[in-house]
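Here the structure comes first, spelled out in structure tokens, and everything after it is commentary.
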Amino acid sequence: MNRTKRNRVLCAAVALALGTFAAPVRAADEEAPAGAPKIMLDKSPAVVAYQLKRLTNAQLAAVERKADHAKYKPVYQAILVRKGMDKKLREEAVEALVAIDKSEPVAVLLAGIAKVDAEDKATPRELASLLLAQKPAALAAKGDELRALATESDSPAVKQAAWAALIVGDNGHSKAWRLATGRGADGIKPMLAAVQLVPSAALRKAMYDDVVAQTTCGDESVEAAALEALGYVSGREADAFGVLAKAVSGATGEKRAAAVRAIGRIPASKWPKEQVEPLAQAVVKLVESTPAEQRTTPEVVQAVQLGNDLAAVMGQPAGAAVRKRLRELAVRVVLMRTLVEQMQYDLRYFTVQAGKPVQIVLQNDDNMPHNLVITAPGGLAEIGTKGGSMPAPDDAKAKAYVPDDPKVLHATHLVNNGEAITLSFTAPDKPGNYPFLCTYPAHWVRMYGVMQVVADLDAYDANPTPPKDPMTRKPYDSPKNEVVEGAAGGHGVEHKH
């Protein structure tokens, strides 16, 4: 046997021992699906975990698995807790693990949440969404485990999910609130962070008074968390707006930034009209008082976006004056958020001036990854279809689901839950309507809008004309998409799209 052949045989033997070469996994006499990765499930748990870890998400989704045999349990466990897996696959994994373990969904989901990588912020929220969809009685039955996770977990995301589940399980926050306040800031902050996860608008509304009380508790970090939580409380939006507006005008640092973000989450239709213009003027002063080199920081970008949103509600000529002043003070910055579990951006359209610099800050509040792609006019369906049909890239640095096509003008990487990304570019020289969309598979049919490029923003502000929806061909009636009542984390009025 020559040296080359001997080396090949040796490498194959080592790989086989490690499980990197995997024989077909078969149930009875059935063949593994064609093209599916072949995993040796009869190896030790460490070797099986190693094999599964080496797979991409698409490969993991293609692995043969059946809910009627315990040997497939590691596959389902990997799908359940793997970052970036599709929600339907996670639901399949829960159902299978329940069958294999003769357990129930709450136990499976709690075990999954506890096993998620501590650096992964998105997956615990996705699992929390599935957990909070369970019946309150099932959550209440796991109260001891939930309390342990809420108070002892090292992961903020796990704590947040556990507090929300306690609220839903008890059909109210009183018991959880007593437990949280008894632990001081370490209990109150994750409890406040949990407000956004509670799917019931009535339960969020019931928390209003207790949340507001924490905005003046004397601990700045807790006060900031309480201000942030007010953006998710339903049914008391006008009252919350007043509290938040006061903080924008009088607070500093993280408290002011939290108040700005929270107001941005309250539907504009719920803003008290008499408080809109005073707050807009306060925002202008805030930006004016910020040194020019700091005006592209996330905090100031969010304040500028809030000022523009307030100006849009004010009407002419006062609104136009506010927008003009903000435009003079800052780069044209657009803050765009994703709506939780609705597969939509919070903006339907935005307007920029031809040939001028633009910054878009994409903040992903949703439980799954999204990106932002801007196309040439008329490119929405073509780029959405092409992007959605692409396989997930093996290179983590690649822009996933973004096709190499001249109609793609600008694009971000995928943004995970709780993260933000900034896209900086110069607006096209030619005025027109340039679609933007999320090209993650199957998202573009709902998750899209229009970047309207105009020759002169001042002239446009004097006589604004909304663009048409690229799908329905009807003019947009508002630049904002508002969350649907009853959605997880939602608290607004029905959007029109």
Side-chain angles (χ1 to χ4, degrees), residues 215 224 227-228 230-231 237-337 346-347 349-353 356-361 363 420 422 424 427 452 454 456-464 466 478-480:
T215 64
L227 290 167
E228 190 91 53
L230 282 179
E237 289 89 354
D239 295 334
F241 186 98
V243 174
L244 295 167
K246 185 177 179 181
V248 172
S249 301
T252 57
E254 180 54 29
K255 286 174 59 178
R256 181 169 65 193
V260 168
R261 290 192 296 268
I263 290 178
R265 294 187 179 100
I266 297 176
S269 58
K270 304 285 187 177
W271 293 350
K273 293 182 180 179
E274 70 281 1
Q275 296 185 46
V276 168
E277 184 168 356
L279 179 56
Q281 297 301 335
V283 169
V284 171
K285 290 180 180 178
L286 185 162
V287 179
E288 284 177 334
S289 66
T290 303
E293 65 274 13
Q294 297 178 22
R295 291 178 186 167
T296 56
T297 62
E299 294 77 16
V300 178
V301 166
Q302 290 165 349
V304 170
Q305 183 64 51
L306 175 60
N308 283 317
D309 290 344
L310 292 163
V313 174
M314 290 165 59
Q316 304 293 346
V322 168
R323 282 195 296 271
K324 182 176 181 180
R325 186 64 185 128
L326 290 172
R327 193 157 57 244
E328 291 170 348
L329 290 167
V331 174
R332 178 62 171 134
V333 178
V334 178
L335 175 62
M336 191 178 303
R337 297 186 179 93
D346 70 334
L347 291 182
Y349 70 89
F350 61 91
T351 308
V352 299
Q353 184 163 315
K356 296 294 184 180
V358 179
Q359 257 190 12
I360 300 177
V361 179
Q363 171 69 45
T422 298
S424 300
Q452 186 174 220
V454 299
D456 187 318
L457 266 177
D458 289 335
Y460 175 84
D461 283 346
N463 185 28
S478 166
K480 296 284 284 186

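We number each residue from 1, following the sequence as shown. Worth saying up front: this structure is predicted, and the values here are computed from it rather than measured.
Gln305 places a side-chain N or O within donor-acceptor distance of the main-chain N or O of Leu335, the cut-off being under 3.5 Å. Side-chain N or O atoms of Arg332 include one that pairs as donor or acceptor with a backbone N or O of Thr351 at under 3.5 Å.
Partners of Lys356 by side chain to side chain contact (heavy atoms under 4.5 Å, CB included), not counting sequence neighbours, listed by chain and number: Gln353. Contacts of Asp309 classified as salt bridge (charged side-chain N to carboxylate O under 4.0 Å, His left out), with partners at least two apart in sequence or in another chain: Lys480. With sequence neighbours excluded, the residues that form a ring pair (Phe, Tyr, Trp, His ring centres under 6.0 Å) with Phe350 are Phe436. By the side chain to side chain contact (heavy atoms under 4.5 Å, CB included) test, Ala312 pairs with Arg323, sequence neighbours left out. With sequence neighbours left out, the side chain to side chain contact (heavy atoms under 4.5 Å, CB included) criterion links Ala459 to Asp456. With sequence neighbours excluded, the residues forming a side chain to side chain contact (heavy atoms under 4.5 Å, CB included) with Glu274 are Pro272, listed by chain and number. When the salt bridge (charged side-chain N to carboxylate O under 4.0 Å, His left out) test is applied to Arg256, no partner is found at least two apart in sequence or on another chain.
The ring pair (Phe, Tyr, Trp, His ring centres under 6.0 Å) analysis of residues 279-301, with sequence neighbours excluded, yields no pairs. Here salt bridge (Lys or Arg N to Asp or Glu O under 4.0 Å) pairs that include residues 238-250, with residues two or more places apart or in two chains, are Arg236-Asp239. Screening residues 298-318 for ring pair (Phe, Tyr, Trp, His ring centres under 6.0 Å), with sequence neighbours left out, gives no hits. Residue pairs meeting the ring pair (Phe, Tyr, Trp, His ring centres under 6.0 Å) criterion with at least one member in residues 301-337: none, sequence neighbours excluded. The list of ring pair (Phe, Tyr, Trp, His ring centres under 6.0 Å) pairs with a residue in residues 260-291, not counting sequence neighbours, reads Phe241-Trp271.
When side chains are defined from C-beta on, Val361 does not count as touching Gln302, because their heavy atoms never get closer than 4.5 Å.
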